[in-house]
Amino acid sequence: MFFINRQQVLKRNLPQSKSSIGLPHLQHPARRVALLYTQSSRSSPHRAERSLDTGLSGYQRSHVIKMSTSSDSTRHLNRLAKAKSPYLLQHAENPVDWYEWDQEAFDKAKREDKPIFLSVGYSACHWCHVLAHESFEDEVTAKIMNDNYVNIKVDREERPDVDRLYMTFLQATTGGGGWPMSVWLTPDLHPFFAGTYFPPGQFRQILLKLAEFWQDDRERCVNSGQKVIEALKESSNIAPEHNIDFHPLTEEVFSRLQKRFDSVNGGFDRAPKFPSPAQTTHFLARYAAYHLNNPNASDDNKKKAQAARDMAVFSMTKIYNGGIRDVVGGGFSRYSVDERWHVPHFEKMLYDQAQLLSSSLDLYQLLPSGSRDRKTLELMAKDIVSYVGRDLRSPEGGFYSAEDADSLPTKDSTVKKEGAFYVWTSKQLDELLGADAELFKYHFGVKEERNCDPSHDIQGELKGQNVLYTAHTPEETAKQFSKSVEETEKIIDASLKILREHRDKHRPRPHLDDKILTCWNGLMISGLSRTYEVLSEDRTLASKALEMAEASAAFIRKYLYDEKTGELRRSYREGQGPTGQADDYAFFIQGLLDLYEASAKEEYLLWAIRLQEKQDELFYDPQDGGYFASAPDEHILIRMKDAQDGAEPSAVSITLSNLQRLAHFAEDRHMEYNEKAKSVLASNGQLLSRAPFALASMVSAAMMAEKGYMQFIHTGAPSGTPLLDLIRSVFIPNRVLIHLDPSNPPRELAKVNGSLRSLVEEIERMGSAPKENIRICENFTCGLPIEDVEELKKRLPQAPIA
């Protein structure tokens, strides 16, 4: 098989980017996944900048190219000016003749016999901005691109199917990947060369050299591209593997996390550190509950379960107390560039807020009341709800996608800097806080010169600046300044309010990616629904969380759902975006199931059932089982089944969990749901056997199925009752909660749930409402109604231990 020789394209004396020139890693996919995880290249798909942070000499994270905000009335607008994606609009003034991923671009490439340069990124991606300012805004580079290529720009958040295919090529050929992703394609969309970020001189050289290859030896490039696609197709065809024993797989995932755990700083990796709940805390909470909730668990299993919980809790509290949290305004950045969670890469993503919210609540319920860590996790959840509700919520209720890392330091500035909105000098704090400044600075680790390690700020962007983090507890701060803890906390809260008001008034906010994604809204709906259930004692917060969740669902129903076809769209910004992908269905169905359990409104569960039918129709593989990640599209050359978790859980893992829950919600169809669930596991059997740590969310779902789901049928008012409050006070990840309000029986749901149907018929036959009760059903067999709180306590998992 021929592939372009790397040294023919990259001069020996130039710094080398991650770039692909062959397929040395295209092997059995299960072995490839294990290899990539060993190299830490796939453990989070948002680790583009990881390769830059640790692998590109001279281009570390702190190398920030200044972003000019000056406008030129004569500046050329390319066709991206008509795009809806904020990321594409960021490139609308480039001299590059950009196209969107559409038929017009493909036709032009074939008509003019030109290769395609495909650039993939997202609006909050810092290194995407760097590449744009260095190369795409440069007239000379743009002319090279326009003369020799058809240039296509893709927002990976709108087109994950495009991103997934070519990222697989990049990862398979280099062992790494990330964004910005740069791929060279034939007019038939076959890839033959790829990389991530390239410095400007090297980027021009590659553009010219590949254009030369295309002119001089076009057939070899075409043949190379064809063989790439053939190899990718072959590597994606995995034979099913049945009868998997999941017990050793759960132990392997736990063992791996335990070995990678940072017992000093929390987290499960070296710097840069990503929260990555889908790969870590989500699994650990369920592993802990699996054994702690089992009265017959061995002492060894209980010890490991406590270790799992404690690793997750310790990591989450370190994240909360670190600079990765926006102490002043709330919310969490995407990752920390150091091992202490101190200096963040400042962009904030909705999917991180949603997953951290859910994990904080899971772990909160695994800790005893009165625990300091439990209080920290409660504060974490409230912090996220407040931030998202204030800064990421549209007027009509949908949630925006992200806030950028870069912003103008002041309203008079013309150059953006990373983190400018969030950092403070010691002098600024003195001027704003007056007599309370010293206490505040002590509490949040402020230093006169700076509190950031210069090695994390090579370009000097943070010189003289401080990233606030919780350096001391309120008790330590109170002791240091001879004050009561109560007085100290009042001073801290008042000071934060002053800083927040000053920041909002005098500092321009970072760019807001205001597109609304179905998938990420689904994740947020889940977190908010859990907030309503878990933190119900704070009635104001709980009511607000439920209202936000329902408003998001209403937005999607109004703007992103077709009532006639039952199909979802992926995104909304000034109109609908592309067709929905598998994660849109999976994450939103999960959100609806959680919202039903929280709100007791039958409509959400019925909608989830219908959406699952549509997902099955569009994405289920009836031939080989499992689910495709991408929607049908003639321009996506390979429909992939990507089960690996990254910054978000894989769509198929969430689908597995949804199917297992739906088998109990709509129990009359349990055989159909269970067969599809089994096919998910079988179609990923080889990957699970060889690299279960890459599919932690799927292992979590399989673990719950193995334990067996507990179906709780609550008869009574839909909220605020003693039995319902008791059920919601305990972390039961294998719980299915069904509501039966005698004053408004769920007749439509009863049509697909025999147990519920019998109860509804009984109530109608009696003609009067029974006393509030709970029936617990396991293996589709229901026990007698429980009317007493103390009796119900005996049937629920025991209170968590310290």
Side-chain angles (χ1 to χ4, degrees), residues 62-75 77 81 86-87 89-94 123-126 128-130 132-133 137 323 325-334 343-349 386-395 400-434 436-437 440-441 444 446 450-452 457 459-468 494-515 573:
S62 298
H63 176 73
V64 178
I65 303 301
K66 312 305 183 190
M67 298 187 182
S68 173
T69 60
S70 59
S71 61
D72 183 349
S73 60
T74 63
R75 190 156 180 87
L77 287 177
Y87 174 62
L89 288 170
Q90 288 173 349
H91 297 80
E93 292 187 354
N94 294 170
S123 73
C125 167
H126 172 68
C128 298
H129 301 330
V130 174
H133 292 305
E137 293 177 5
R325 175 171 71 98
D326 177 6
V327 171
V328 173
F332 292 80
S333 297
R334 190 163 67 86
V343 182
H345 186 55
F346 290 89
E347 69 213 50
K348 296 178 182 176
M349 313 299 294
S386 175
Y387 162 67
V388 171
R390 183 184 65 246
D391 295 333
L392 290 184
R393 193 181 185 207
S394 75
Y400 299 132
S401 295
E403 286 192 293
D404 208 338
D406 307 327
S407 62
L408 296 171
T410 68
K411 292 183 178 180
D412 296 327
S413 303
T414 58
V415 176
K416 290 184 177 182
K417 293 184 179 181
E418 184 180 3
F421 188 69
Y422 302 101
V423 296
W424 304 87
T425 66
S426 179
K427 182 180 178 181
Q428 286 173 332
L429 296 175
D430 289 338
E431 293 172 349
L432 290 167
L433 302 181
D436 294 329
F440 183 89
K441 291 193 292 184
F444 288 110
V446 174
R450 62 191 292 169
N451 70 359
C452 305
D457 183 33
Q459 201 66 17
E461 287 273 310
L462 299 178
K463 186 176 181 180
Q465 302 288 344
N466 289 270
V467 176
L468 303 182
S495 298
L496 288 171
K497 183 180 179 182
I498 291 171
L499 296 187
R500 184 163 54 250
E501 291 174 349
H502 173 84
R503 193 173 78 171
D504 290 343
K505 183 177 181 180
H506 297 286
R507 295 183 180 181
R509 288 197 71 87
H511 167 74
L512 175 69
D513 186 329
D514 59 352
K515 70 176 178 293
R573 185 183 182 278

(message) Can a donor-acceptor pair be found, under 3.5 Å and without considering hydrogens, that links the side chain of His129 to the backbone of Ser123?
(response) yes
(message) Is any side-chain heavy atom of His511 closer than 4.5 Å to one of Gln90?
(response) yes
(request) Search all heavy atoms of Pro508 against all heavy atoms of Ser407 and return the closest pair with its distance. (result) O-CB, 3.9 Å
(request) Compare every heavy atom of Arg325 with every heavy atom of Phe332, then report the nearest pair and how far apart it is. (result) CE2-CB, 3.5 Å
(request) Salt-bridge test for Asp404 and Lys416: reply yes if a basic N is under 4.0 Å from a carboxylate O, no otherwise. (result) no
(request) Give the ring-plane orientation class for His502 versus His506, where under 30° counts as parallel, over 60° as perpendicular and anything between as tilted. (result) tilted
(message) If I take atom CH2 from residue Trp424 and atom CG from residue Leu432, how far apart are they, to the nearest 0.5 angstrom?
(response) 6.0 Å
(request) Rounded to the nearest 0.5 Å, what's the gap from CD on Glu347 to CD on Glu418? Could you check? (result) 8.0 Å
(message) So which atom in Arg507 and which in Phe421 form the shortest heavy-atom distance, rounded to 0.1 Å?
(response) NH1-O, 3.1 Å
(message) Side chains of Glu93 and Leu77, heavy atoms from C-beta outward: is any pair under 4.5 Å?
(response) yes
(message) Looking at every non-hydrogen atom in both residues, tell me the closest pair between Tyr387 and Glu403 and how far apart they are.
(response) OH-OE1, 2.7 Å
(message) Main chain of Gly329, side chain of Arg390: is a donor-acceptor contact present, judged purely on distance under 3.5 Å?
(response) yes
(request) Verify, without hydrogens or angle tests, whether Thr425 (side chain) and Gly464 (backbone) share a donor-acceptor contact under 3.5 angstrom. (result) no
(request) Return yes if some donor-acceptor pair links the side-chain N/O of Lys441 with the main-chain N/O of Asp430 below 3.5 Å, else return no. (result) no
(message) Could you check whether any side-chain heavy atom of Ser394 comes within less than 4.5 Å of a side-chain heavy atom of Asp514, counting everything from C-beta outward?
(response) no
(request) With rounding to the nearest 0.5 Å, note down the distance linking CG in Asn466 to SG in Cys452. (result) 6.5 Å
(request) Write down the atom of Ser401, the atom of Lys515, and the distance for their closest heavy-atom approach. (result) OG-O, 2.8 Å
(request) Working to the nearest 0.5 Å, report the span between SG of Cys125 and NE2 of His345. (result) 6.5 Å
(message) Tell me the closest heavy-atom pair linking Phe346 and Gly419, and the distance in Å.
(response) CD1-CA, 3.4 Å
(message) Within the 4.5 Å heavy-atom criterion, are Val327 and Val467 side-chain neighbours or not?
(response) no
(message) As an exercise, state the distance from CG of Leu392 to CG of Asp513, rounded to the nearest 0.5 Å.
(response) 10.0 Å
(request) Check Asp326, Asn451, Val423, Val328 against Leu468 for a side chain to side chain contact (heavy atoms under 4.5 Å, CB included) and give me the one that passes. (result) Val328
(message) To the nearest 0.5 Å, what is the distance between NE2 on His133 and CG on Asn94?
(response) 9.0 Å
